[in-house]
Amino acid sequence: MNRIFSGVQPTGNLHLGNYLGAIRNWARLQDQYDCIYCVVDLHAITTPQDPSELRANTREVTAGLMAAGIDPKRNIIFNQSRVSGHAELAWVFNCVARLGWLNRMTQFKEKAGKHRDNATVGLYAYPTLMAADILLYKATHVPVGEDQKQHLELTRDIAKAFNSMFGTEFFPMPEPLILGAARVMSLRDGSKKMSKSDDSDYSRINMADDADSIALKVRKARTDPEPLPESTDGLEGRTEAANLLGIYGALADKTVQQVCEEFAGKSFSQFKLQLIDLAIAVLAPIGHEMKRLSEDPGHVDQVLSDGADRATQIATPILSDVKKVVGLT
Ligand code: AQP
């Protein structure tokens with residue numbers, strides 16, 4: 001069976017962007033693939049994290065994955081640091097990947113910003129750890145959004161370079177699974193993506209938000225004074241409007257064109273009422289289940305520990321073969 005690997009960082013509140021861009025699709029893939037879903041805490045510490053918040057976020061993300069319908073029995077859910085093979089294989093890949101390849105990574109440039117010299121070495125080497133995450137399980141498919149495409153390309157380059165350095169066909173080339181997921185933007189600024197680390201909680205709808213918070217955030221979301229257009233052409237240059245229509249479409253499983261046709265000529269206040277109802281219908285049960293799971297941390301920890309055991313069983317023989325290929329054993 002084809003194997004999927006994907007990860008999410010425990011860096012704060014899971015939000016609607018994480019849900020529509022990744023987690024909802026992960027739940028849909030569990031019927032067709034052997035899935036490994038990882039809470040990537042080693043990636044999280046590439047930027048400073050408060051230790052107790054990191055622990056709490058790891059549990060919260062795990063609860064979010066389960067509340068969104070990912071079954072921890074059929075799939076593997078675990079946190080990355082429990083399987084030491086990720087860090088070990090990443091080191092081998094640090095000795096395969098070239099500086100020039102990493103220098104091209106746009107995400108590092110964006111995240112490090114103007115303070116490049118002050119960024120951690122871990123943030124710079126993030127893509128080699130991501131390559132290790134995927135190849136430690138010889139995953140065949142990786143669901144990726146636009147922002148991760150470049151990193152998956154690098155993973156393939158590393159796999160190719162490893163195979164050619166050691167004259168082997170050891171690593172398969174993981175294929176991207178492009179799911180056409182919407183990129184959800186901030187509710188306060190349509191040019192910025194919705195993000196866990198945005199200071200304003202009004203910029204995002206959290207997966208754990210209750211109905212009242214969802215309604216308040218949608219009501220406060222930025223729009224423009226124009227009515228809703230009858231086709232997507234009328235969304236040109238209207239980033240906030242396009243974002244809200246995109247969110248509605250993704251939640252309703254409709255295209256943005258269909259949403260335009262449904263609401264053509266209506267005002268944003270009318271549209272927002274419908275969006276509030278829909279967002280609550282989809283998200284409130286998830287938030288409710290996350291709350292229930294947060295009251296049972298023992299169960300969540302058990303899921304992570306079982307998942308790590310099962311992940312280790314797959315990773316151990318692969319890492320041991322890598323060590324033989326490289327000459328470490
Ligand atoms: N706004 C978004 N729209 C669509 N998809 C999104 N994802 C994140 N934000 C959006 C997708 O969610 C998955 C997990 O992301 P991540 O936690 O590994 O890191 P990220 O992309 O850096 O997410 P954040 O929320 O922006 O976190 P911070 O603020 O910590 O950097 C990925 O598949 C991602 O594409």
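Any value given below was found using the heavy atoms of this structure, including those in side chains, with hydrogens, waters and symmetry copies removed. In this text, all values refer to a predicted model and were calculated from it rather than measured experimentally. Indexing begins at 1, ligand by ligand and atom by atom, following the structure's order.
- Given atom 12 (O) of ligand 1, the protein heavy atom at minimum distance is Asn18 ND2, 3.1 Å.
- Annotation for ligand 1: atoms under 4.0 Å from non-hydrogen atoms of Lys111 are 22 (O), 31 (O).
- In this structure, CG in Asn25 is found 4.5 Å from CG in Leu179, a value given to the nearest 0.5 Å.
- Judged by distance alone, the side chains of Asp306 and Gln302 do bring a donor and an acceptor atom under 3.5 Å apart.
- Inter-residue side-chain proximity for Glu60 and Asn13 is flagged as met; some heavy-atom pair is nearer than 4.5 Å.
- Taking a cut-off of under 4.0 Å to the non-hydrogen atoms of Arg183, the atoms of ligand 1 that pass are 3 (N), 4 (C).
- Using the six-membered ring where Trp is involved, His86 and Phe5 have ring planes that are tilted, between 30° and 60° apart.
- Selection from Gln9, Lys149, Gln148, His15 by nearest heavy atom to atom 19 (O) of ligand 1 gives Gln9.
- Here's the thing with Met194: one of its N/O atoms is less than 3.5 angstrom from an N/O atom of ligand 1.
- At least one side-chain heavy atom of Leu123 sits less than 4.5 Å from a side-chain heavy atom of Phe108.
- No side-chain heavy atom of Asn57 sits under 4.5 Å from any side-chain heavy atom of Val39.
- Annotation for ligand 1: atoms under 4.0 Å from non-hydrogen atoms of Gly21 are 4 (C), 5 (N).
- Close approach to Lys193 involves these atoms of ligand 1, each under 4.0 Å from a residue heavy atom: 1 (N), 8 (C), 9 (N), 20 (P), 21 (O), 22 (O), 23 (O), 24 (P), 26 (O).
- In terms of protein heavy-atom proximity, atom 34 (C) of ligand 1 is closest to Asp147 OD2, 4.0 Å.
- For ligand 1 and Ala22, the ligand atoms under 4.0 Å from any heavy atom of the residue are 12 (O), 13 (C), 33 (O).
- Counted by atom type alone, Gln274 and Gln270 present zero donor-acceptor pairs between their side chains at under 3.5 Å.
- Ranking protein heavy atoms by distance to atom 28 (P) of ligand 1, first place goes to Ser197 OG, 3.6 Å.
- Residue-to-ligand polar distances place Val184 within reach of ligand 1: an N/O pair is separated by less than 3.5 Å.
- Among protein heavy atoms, the minimum distance from atom 30 (O) of ligand 1 is reached at Thr11 OG1, 2.9 Å.
- Between the side chains of Asp210 and Ser213, a donor-acceptor pair is found at a separation under 3.5 Å.
- Atom 27 (O) of ligand 1 has its closest protein heavy atom at Lys196 NZ, 3.3 Å.
- Nearest non-hydrogen protein atom to atom 5 (N) of ligand 1 is Gly17 O, 3.2 Å.
- Atom CD of Glu236 is surrounded by 12 or fewer heavy atoms from other residues, nucleotides or ligands within 6.0 Å.
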